[in-house]
Number of protein chains: 2
Amino acid sequence: MREKLSENTEEKILEAAKEIFVREGKSGARMQEIADKAGINKSLLHYYYRSKEKLFYTVFKFVFSKFAHKIINLFDADKDIFEVIEQFIDNYIDLIRKNPFIPMFIINEINRKETSFVTEVIRETGINIDTYFEFIQRNIDLGKIKAVDPKQLIINILSLCIFPIISRPIVQIILYDDNKNAYDKFLDQRKKEVNEIIFTMIKPN
Amino acid sequence: MREKLSENTEEKILEAAKEIFVREGKSGARMQEIADKAGINKSLLHYYYRSKEKLFYTVFKFVFSKFAHKIINLFDADKDIFEVIEQFIDNYIDLIRKNPFIPMFIINEINRKETSFVTEVIRETGINIDTYFEFIQRNIDLGKIKAVDPKQLIINILSLCIFPIISRPIVQIILYDDNKNAYDKFLDQRKKEVNEIIFTMIKPN
DNA sequence: GTCTATAAATTGATAGAC
DNA sequence: GTCTATCAATTTATAGAC
């Protein structure tokens, strides 16, 4: 019973902390706000996680892991690479659009931390980029795509998908006079745009 | 004399504030740290700028304006569009590489602020996107490039240049085992990569 | 496990002397 | 203009009752 309740609380805290940290950043987040959102007392935060630093670490690992795996996992099977990429772009743009603060949060906090922190998170997260490399190499060997640099390729895809969304608050104003609907259309159109770019660059002559 | 000294102090404050705010973010920056870096007393900060908020506003406008104009100004003259783009990519990647925190700072803070703040900054900054639109349209009319969407085009260029640098701390570890030199080579190579992508997408059949 | 009370440290801001 | 001293508010963290 008690344990059951405890687990519940721990989850509620993590859920609340996630929301606050992601939105406000580590230094902008307040323990009080997290406690309020979790519907508990501030002291309980320290009971479950010794300090703000430790709570942040837990949250960051959780968020990063989930996000990173969503990227990596797509490049597995023996599916057609063009289908995989098309699906990836479609899913990914929608995913970030729904959680626009997540990429910002990750990039932002990673820029503030020492290398050791980042390395540790990556290690614990257990993401494995080799699956992706092999997937690309296999397709090159089969002559399905040109012999492109897989590193440049993945960065191209991520850049073209992520940047328009994290920079939305400025770009929407400058390009579309802050018309939200217009920018949403722009992002929909963007799926085709990114697809075309990537396909053009990798398809054999 | 007094005025001369005053000006000097104000500049020193702005310079220090810029460095701290850009690196630590608004909520992470400390007035004490800014004062220390400027070599003055904390009270003087409040003497020149009434509050942290006002100091931040001044710094943000300054940083954003400088950065935005560097982007816009390149698309002016009657120069060849392919040359302009090539030069832009080359300059821009180097510029961000030297100041990797600036784009993050801008994107980050703009995501935290209300639309009114962003609109105000853009208005005061006086950036004018029309110059760019006209430049592209002229080149389309002349048949120098395909009839691409100028909005997608500029976002493509910026995405491909900025993202690999702001995400460097993660990507360098995942793709290059945290080998700094290797990633620098990657970024140099990237200039060619981005150029090729953009050229391929806009050059007439 | 959860709460109240409170400590201890930090931080933005002001008053007032020079 | 610049500094010292200090306030007032915030914020992380702990002690201790239940």
- [ ] Please tell me which of the listed nucleotides, dA13(D), dT2(D), dG1(C), lies nearest to the side chain of Leu44(B)?
- [x]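 Closest of the options to the side chain of Leu44(B): dT2(D).
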
- Query: Asp149(A): what forms a side chain to side chain donor-acceptor pair (under 3.5 Å) with it, not counting sequence neighbours?
  - Reply: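 If we apply the side chain to side chain donor-acceptor pair (under 3.5 Å) test to Asp149(A), skipping adjacent residues, there are no hits.
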
| Going through the checks in order, is the ring pair (Phe, Tyr, Trp, His ring centres under 6.0 Å) test met by Tyr132(B) and Phe135(B)? | CA-CA 5 Å; Tyr132(B) 163 75; Phe135(B) 179 75; 7.6 Å; no

To the nearest Å, give me how far apart [atom1] ([X]) and [atom2] ([N]) are.
X: Met31(B); N: dT10(D); atom1: CE; atom2: P; value: 17 Å
X: Glu11(B); N: dG1(D); atom1: CD; atom2: C1'; value: 16 Å
X: Tyr48(B); N: dA13(C); atom1: OH; atom2: P; value: 18 Å
X: Leu45(A); N: dT11(D); atom1: CG; atom2: P; value: 14 Å
X: Tyr49(A); N: dG1(C); atom1: OH; atom2: P; value: 12 Å
X: Gln32(B); N: dA13(C); atom1: CD; atom2: C1'; value: 13 Å
X: Ile40(B); N: dG1(D); atom1: CD1; atom2: C1'; value: 11 Å
X: Lys52(A); N: dT10(C); atom1: NZ; atom2: P; value: 14 Å

Just N and O in the side chain of Tyr47(A): are any of them under 4.0 Å from OP1 or OP2 of dC3(C)?
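The answer is no; no side-chain N or O of Tyr47(A) sits under 4.0 Å from OP1 or OP2.
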
**Q.** Qualifying residues under side chain to side chain contact (heavy atoms under 4.5 Å, CB included), relative to Glu15(A), sequence neighbours excluded
**A.**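 Partners of Glu15(A) under the side chain to side chain contact (heavy atoms under 4.5 Å, CB included) test: Lys18(A).
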
Could you check whether Tyr57(B) and Phe117(B) have their ring centres less than 6.0 Å apart?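 Distance test on ring centres: under 6.0 Å, yes.
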
- Task: Could you tell me which non-hydrogen atom of Leu187(B) sits nearest to which non-hydrogen atom of Ile93(B), and how far apart they are?
- Result: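 Answer, listing the atom of Leu187(B) first, then Ile93(B): O-CG2, 4.4 Å.
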
Report task. Could you tell me which residues satisfy ring pair (Phe, Tyr, Trp, His ring centres under 6.0 Å) with Tyr47(A), sequence neighbours excluded, listed by chain and number? Result ->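 Testing Tyr47(A) for ring pair (Phe, Tyr, Trp, His ring centres under 6.0 Å), a comparison that skips the adjacent residues, returns none.
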
Quiz item: Hey, mind stepping through Ile81(A) and Ile136(A) against side-chain contact (heavy atoms from CB on, under 4.5 Å) and telling me if it holds?
Solution: CA-CA 8 Å; Ile81(A) 186 169; Ile136(A) 299 299; 3.9 Å; yes

**Message:** So if I take residues 17-30 of chain A and measure heavy-atom distances to DNA chain D, which residues fall below 4.0 Å?
**Reply:**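 Contacts with DNA chain D under 4.0 Å: Ala29(A), Arg30(A).
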
Restricting both atoms to N or O, compile the protein contacts to nucleotides 14-18 of chain D shorter than 3.5 Å, with distance only.
| unit_1 | atom_1 | unit_2 | atom_2 | d |
| --- | --- | --- | --- | --- |
| dT14(D) | O4 | Ser43(A) | OG | 3.0 |

Pairs involving residues 91-114 of chain A, ordered by first then second residue, that meet ring-ring contact (aromatic ring centres under 6.0 Å, His included) (sequence neighbours left out)
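As it turns out, the ring-ring contact (aromatic ring centres under 6.0 Å, His included) pairs with a partner in residues 91-114 of chain A, which skip direct neighbours, are Phe60(A)-Phe105(A), Phe67(A)-Tyr92(A), Phe88(A)-Tyr92(A).
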
Is the shortest heavy-atom distance from the side chain of Asn181(A) to the side chain of Lys185(A) under 4.5 Å?
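Of all side-chain heavy-atom pairs linking Lys185(A) with Asn181(A), none is under 4.5 Å.
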
